[in-house]
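Within every chain, numbering begins at 1; the chains are lettered A, B, ... in the order of the sequence lines, protein sequences first and strands thereafter.
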Amino acid sequence: MDTHALAWPMEGNSRVPYRVFSDPGIYRTELDRLFLGRTWQFLVLANELPDPGDYKTTFLGETPIVVARGEDGELHAMLNRCAHRGNLVCLKRQGHTDDGLTCVYHSWNYDLAGNLKSVAFRRGIAGKGGMPESFKLEDHGLRKLRTDHFAGLVFGTLSEDAPPLAEYIGNEIGGRLGRVMRAKPKILGTTSQILHNNWKLYVENVKDTYHATLLHTFFTTFRVSRLTAGGGVAVSESGGNHTSYTRGKTDTLGAAASDKLYANIQSMKDGVQLADPRLLDATEEFGDDITVQILSVFPNFVLQQIHNSVAVRLVLPKGPNETELQWIYLGFEDDDAAMTERRLLQSNLVGPAGYVSMEDGAVGNFVQRAIVGSEDECSVIEMGGFDHVSDNTRTTEASIRGFWHAYRPLMGY
Amino acid sequence: MDTHALAWPMEGNSRVPYRVFSDPGIYRTELDRLFLGRTWQFLVLANELPDPGDYKTTFLGETPIVVARGEDGELHAMLNRCAHRGNLVCLKRQGHTDDGLTCVYHSWNYDLAGNLKSVAFRRGIAGKGGMPESFKLEDHGLRKLRTDHFAGLVFGTLSEDAPPLAEYIGNEIGGRLGRVMRAKPKILGTTSQILHNNWKLYVENVKDTYHATLLHTFFTTFRVSRLTAGGGVAVSESGGNHTSYTRGKTDTLGAAASDKLYANIQSMKDGVQLADPRLLDATEEFGDDITVQILSVFPNFVLQQIHNSVAVRLVLPKGPNETELQWIYLGFEDDDAAMTERRLLQSNLVGPAGYVSMEDGAVGNFVQRAIVGSEDECSVIEMGGFDHVSDNTRTTEASIRGFWHAYRPLMGY
Amino acid sequence: MDTHALAWPMEGNSRVPYRVFSDPGIYRTELDRLFLGRTWQFLVLANELPDPGDYKTTFLGETPIVVARGEDGELHAMLNRCAHRGNLVCLKRQGHTDDGLTCVYHSWNYDLAGNLKSVAFRRGIAGKGGMPESFKLEDHGLRKLRTDHFAGLVFGTLSEDAPPLAEYIGNEIGGRLGRVMRAKPKILGTTSQILHNNWKLYVENVKDTYHATLLHTFFTTFRVSRLTAGGGVAVSESGGNHTSYTRGKTDTLGAAASDKLYANIQSMKDGVQLADPRLLDATEEFGDDITVQILSVFPNFVLQQIHNSVAVRLVLPKGPNETELQWIYLGFEDDDAAMTERRLLQSNLVGPAGYVSMEDGAVGNFVQRAIVGSEDECSVIEMGGFDHVSDNTRTTEASIRGFWHAYRPLMGY
Amino acid sequence: MTDLAHLTRRMEIDALYADYAHCLDNDALEEWPEFFTEDCRYRITSAENFEAGLPLGIVYATSQAMLVDRVMALRKANIYEPQRYRHLVGAIKPGAEEEGMLSVVANFIVVRTMQDGAMTIFAAGRYVDRLVRRGAGWKFAAKEVVLDSRQIDTLLAIPL
Amino acid sequence: MTDLAHLTRRMEIDALYADYAHCLDNDALEEWPEFFTEDCRYRITSAENFEAGLPLGIVYATSQAMLVDRVMALRKANIYEPQRYRHLVGAIKPGAEEEGMLSVVANFIVVRTMQDGAMTIFAAGRYVDRLVRRGAGWKFAAKEVVLDSRQIDTLLAIPL
Amino acid sequence: MTDLAHLTRRMEIDALYADYAHCLDNDALEEWPEFFTEDCRYRITSAENFEAGLPLGIVYATSQAMLVDRVMALRKANIYEPQRYRHLVGAIKPGAEEEGMLSVVANFIVVRTMQDGAMTIFAAGRYVDRLVRRGAGWKFAAKEVVLDSRQIDTLLAIPL
Ligand code: FES
Ligand code: FES
Ligand code: FES
Ligand SMILES: [Fe+3]
Ligand SMILES: [Fe+3]
Ligand SMILES: [Fe+3]
């Protein structure tokens, strides 16, 4: 099975063989060509590591990375693997150091840019042992990443020939990204979910403007969002990046017609009222009438604005059938106490226990379980047609087709 | 190892290379050729889903299946995988629906026969989005199984050219099956065991008339059954189906000689008496003197009668080294309270804590652990000779050889 | 990845591709060529099974073994796999039998040397069933190991052409081994650690004289051992066996210079005193001034002397990424109560909670995690040069290079 | 009932469940039947069966003598790998006491350890019990072990 | 406070935590808000957030009405696979009682069982609570569920 | 001994084990030695060693000072990944009190959570303790931590 070469269906981006969600060989190729290859991946917030010596660890795919603020004030990203015998240089998820990065195994010491500065007992002891003359410190630094910034977010890549980050993101998506990251962010808290499904099933879900108001009946029941509301989806030229947006206060059909429509498709419950409506007491903060905006950058970055709930989501593969979904909930430096409280209450909408997101934690696993034995069958992605262009409707799977459009050439399919 | 092609020993069915119990590649081939191939597998009891809209989920190998009672009163079996993007259509193990089968992900709705009836927002909203004209509901139903009934049991297959069920089971085994399923069954309860061994090690164990009175010393100690009792084993022409039966009240040698024989082979304890003999207070209910009958249908169905304890066992593969053994304990509609109590007391004999079955839950794992590093060695299956024919003795492994006789051509060995 | 053939770097033993620590295919080859091949592996202490009928189970790699004391007073080692259908013959980790080894599945009985003595119902019952005439008991014994003794330790191998044990160990290492096993050993207790890393990462750690005083800062902080102390490392001709030794009471530089040296490499804490110094109250028992001696025999045997704490360690592979480290803590028959108490107190230094060993339980896993995605990169093993010869310094990785020197030809690299 | 009487009874009941746990976890199986009355009922079942009203028991006994038989079979007849349980019982909640019969519900988790050292959560669930006073202490007139899971790992030998 | 009063209060508090566990483990979610005061605060967070002083809650409620809404959403809107919890609560430690407010910390472990029978340790951590007396018993004026892990397996539907 | 005295003593002992759990689970290691007498004995061992009468301890201390040293080494010398325990202690069973020495056995389960959030059952077993009264409360004169498993996952740093 994992040695069997994949022939992509001639239908193209509107058909995806289920094998890509479970095949161990395909997964290993993804780690190599996507995550260690020509893609930009989110590392940290630019203001998360303010002082020289601050560091944080993360991953490119499954490969451990450390990001550190150097003495030069710059952020440096490197593989978190010692050049000596491969130990993790930084053991803590986040921390601060005053003397560079020292590997605990044999005390090799690196500066905050990953350059090897000293090797314990390099000259031996009392004239015996030590490193050979041929050993040069400069040949044994930590492997470095390219980093680039956009709207207060730091991305990294191991690829020399990936385009500049702004170009990679594209103008339209870049603008949407900047819209949300409107000021210096402030972390309100973090959480993480272990999803028992392939990482791409979650990414499809994020890009899937079609499912939101059908799977998440809370949306429709409480009129938080409906497909009948105004809105649309934007897809980058590469296909890999997208934004969906909703103008929740409008309804293209009117409430009654909309209710009727949803009643027919049975994801609507009647007569449900919140006993404490403060949960949905949102305020306009982005200078437009967009109430919900979901944005993704290929392959695994997500930025969410649901009313006043703003969060970065990072999708980390942990095997063919397992994924970690990391959440960083944000406020902005200009938030007053009332705004912070508002964001905290609205955080009930998202995350592992979110009223409009908990289903997303499970549905990928439902698919993962359902496709066993159907590896050569395909999903059918025809909502909104066959292309992956921007349009002012969310009743489409265009941004999912866009994902596969970006995925296939990198994987050679 | 899993890429290494298997050469079956020239001895044939009396030798089995241990590799078949652990090789991941062989396991995947089994899922494909056996479980999704030309075999019949038990799905449900015919009277388990009485009303239209009742449904239950199960598996063909590891592939999820849903069985539903249609408006037409017929049972329909289908893959439990949505034709859209592969979500599980039925999330509950068992349930009832009044509006067909609706996938929670995007609310596609199927009738109880698996035909696609509606697609949410198929026509888009306000003239935008929706499915293309080329999309036809009839092209996107759930994949259907063939189903067939025998003696109140419903089986299914994905194979178009599997013979009719009755022919597949064979006359002799069919008669034995009908003997136990003598009336409308009533479920007394269910349980399940996770076995840490390959599924075929459990199937061999079920077919192994040789082990019962040696491994399960409770049998011999309390004279529930002995090989010296009358009985025999029947094997279908295909080799894959079997019945073993015991006439427990008879002894071909007489109790004394029998005790002596078992004493020599050390699986006998002396002077053991039940403090409360009601456990073994059985009554004749099948119109003959057969006290124990174990029956199997290739590849993974088992029907047990041990005195008045009747149970269906389904052997579900969960990986090369893991198996789920499902138990459905049965009574019959004509049971009175005393008969039900009798069955409940005798249920102590079987299941995960059964006096004469708990060892079967562990012994497969013992083999699984023992054969590591011996993948190219073979088990020796010569008790009773080399063939797989019916005979009036249980001191034989004929029905195990029969299993391999049925297994090898399907796998191409 | 696991199908990709490994090309060893031209640098030879001073470079190790990280792939060898995670590749499932390489791991399976190791089980076959190393652990079931031409190597000697520790089984039991010679005096651990004093009486005929005493037995203990262990492993060659992942293959179950049973060692039994025969009626002849000799120790016999065999695969713990029944010749019939492959069940574990001995279920208990350790025990005693008075009637040979009987498999619970069908009561086949073997003598304590693994010869098949009886087959239940071999002749059938009342003239029916039973084994065919062609079946000969002598063709169906348990597969036997070669065993050999050295200094009270019993080793075994499946290889016919492995050299005699003493030759395999070599003179110098043999002498060091005999030095510690100075009298009849007495087991003080056992424990075991599950390490989430490849077995070779632990073996490298044991042979790594460079790390001890850097990773285990307890060593340096309390001056238990320092690289500045006298000592050295001995490597067998094969490269696979080693001994490192420390003359803890000496310091080649003097305490002050040594403190300064360690201060620079930051693994030293000042002003730390034991509130109860009895922990380090060691006594000279081996007739020399060697305070710490670590010894290994290829591939997976370790003998430790740290002051008066003596232990055998056995490194058992449990998968590419998992290892069981078994500890047997020893005293000697001539120990008085004070000596036993001393050993028990010093046992705080080693084992899963050991002051100078707990880091070794974790560091292998740190490497395992760090190398994901770097399978084609190499560790750099140049401390002390490029060879693997004995020398009177521990500021070297010579014995690690020796390990790879022994490993590569066996694996065909 | 005075506060003190209440407290004393509560201490007795807690002690009963503690002794029961130590009995099973320390392999004192021969003492296990003595926690029950002669005409006790004992059943191990799944929440699925329990809530569906299905009568099946994985273990089903209608007398103390049957519990004695269970222990004897485990000691003399059945073959299983060495293993041990560790019970944690909590949320012990006595209900109403009627004609000398006290109903009690409690939560439990059992960790099973095999001889090689592997630990797993073997069982989680609730006890649904009926207690009667016997001399200084209490005995189980009925004990239902309701397992949250419908699955048993490998086998169930030692009682719960 | 007399020993007897102390003991009685302790029994009341133990009963509160036992009832709370049975309420959640036996799917009596509609009763769950009644364990809280009308102006209660309820938060589920990770030890990482808690110790960093970050205000985020995985669940964050500032009134009993919000807990009622949570239950209603679980019953009427949210979709999740059938599952059940089993709570074990221990080391219940009442602190000082100040102006009728009693602070209590306790440890908990929750085993989650899915409909197929798979059991996992879903949560482990501590409760950091503030109790107030209400009639014969106690209610939670504030409850912080501090999870040792920063990860949630799949989703968190049923409250902790 | 009066019922009330019994109950009061019981509450003291429960409090001791609760405080002990919170001390270890909340990283207050510096306070841990204070739960012991100056000449205490403390040993962590496996049931296998314990039942074979083998004296080895994974941790073996014969004085409170050695426990102080253990904490100091963990803080200043030993290197291990950030992790936390969560203790659940149950079936606390006081035995006879002889010359001021009270023997107590109890069951425990410890869930360990690593910094990335992974939770495992790290330990299950029983405490076999000897307590002595010190002022208002009790201290451990001897504590044996008897682990059901012979295996330790990775390493044992924080005491049990
Ligand atoms: S592995 Fe980092 S210093 Fe040796
Ligand atoms: S996956 Fe079923 S409706 Fe979309
Ligand atoms: S497997 Fe050992 S006797 Fe049959
Ligand atoms: Fe969603
Ligand atoms: Fe059997
Ligand atoms: Fe070390």
Answer yes or no: does atom CD of A/Glu138 have more than 12 heavy-atom neighbours from other residues, nucleotides or ligands under 6.0 Å? yes
Tell me whether the guanidinium CZ or amine NZ of C/Arg176 lies under 6.0 angstrom from the six-membered ring centre of C/Tyr245 and within 45° of its axis. yes
Do C/Ser244 and C/Ser399 come within less than 4.5 Å of each other through their side chains, counting heavy atoms only? no
With the side chain counted from C-beta on, respond yes when C/Met411 and C/Ile26 share a heavy-atom pair under 4.5 Å apart, and no when they do not.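 With C-beta onward as the side chain, the pair touches.
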Exercise: do [X] and [Y] side chains pair donor with acceptor under 3.5 Å:
X        : Y        : result
A/Ser159 : A/Asp161 : yes
A/Trp199 : A/Glu322 : no
C/Glu204 : C/Trp404 : yes
C/His388 : C/His242 : no
A/Asp99  : A/Thr97  : yes
A/Lys318 : A/Thr323 : no
A/Lys144 : A/Asn115 : yes

Select all residues of [range] having any heavy atom within less than 4.5 Å of some heavy atom of chain C, and report them by number, or 'none'.
range                     : result
residues 78-92 of chain A : A/Leu79, A/Asn80, A/Arg81, A/Cys82, A/Ala83, A/His84, A/Arg85, A/Gly86, A/Asn87, A/Leu88, A/Leu91
residues 34-44 of chain A : A/Leu36
residues 54-72 of chain A : A/Glu62, A/Thr63, A/Pro64

With only heavy atoms counted, which part of [X] is less than 4.5 Å from chain A, the side chain, the backbone, both or neither?
X        : value
C/Tyr18  : side chain
C/Glu397 : side chain
C/Gln368 : neither
C/Phe21  : neither
C/Asp208 : side chain
C/Asn205 : both

Examine A/Tyr105 together with C/Phe366 and report whether their ring centres are nearer than 6.0 Å.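 No, too far apart.
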Contacting region of A/Ser134 [heavy-atom separation from chain C under 4.5 Å]: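 A/Ser134 touches chain C through side-chain heavy atoms alone.
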Would you check, one step at a time, whether the test side chain to side chain donor-acceptor pair (under 3.5 Å) holds for C/Gln304 with C/Arg313? CA-CA 8 Å; C/Gln304 147 222 311; C/Arg313 308 179 199 167; 3.0 Å; yes
Restricting to salt bridge (Lys or Arg N to Asp or Glu O under 4.0 Å), what partner residues turn up for C/Asp387, sequence neighbours left out? none
Does this structure show an ion pair linking C/Glu382 with C/Arg15, if we count only N-O contacts that are shorter than 4.0 Å?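 Yes, charged N to carboxylate O under 4.0 Å.
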Do you know which of A/Ile125, A/Thr29, A/Leu31 has the most heavy-atom pairs with chain C at a distance under 4.5 angstrom?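 Of the options given, most contacts go to A/Ile125.
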Apply side-chain contact (heavy atoms from CB on, under 4.5 Å) to residues C/Phe403 and C/Asn13 and explain how you reach the verdict. CA-CA 9 Å; C/Phe403 172 81; C/Asn13 301 327; over 6 Å; no
Is the side chain of C/Asn365 donor-acceptor paired with the backbone N or O of C/His196 at a distance under 3.5 Å, no angle test?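 Side chain of C/Asn365 to backbone of C/His196: a pair is present.
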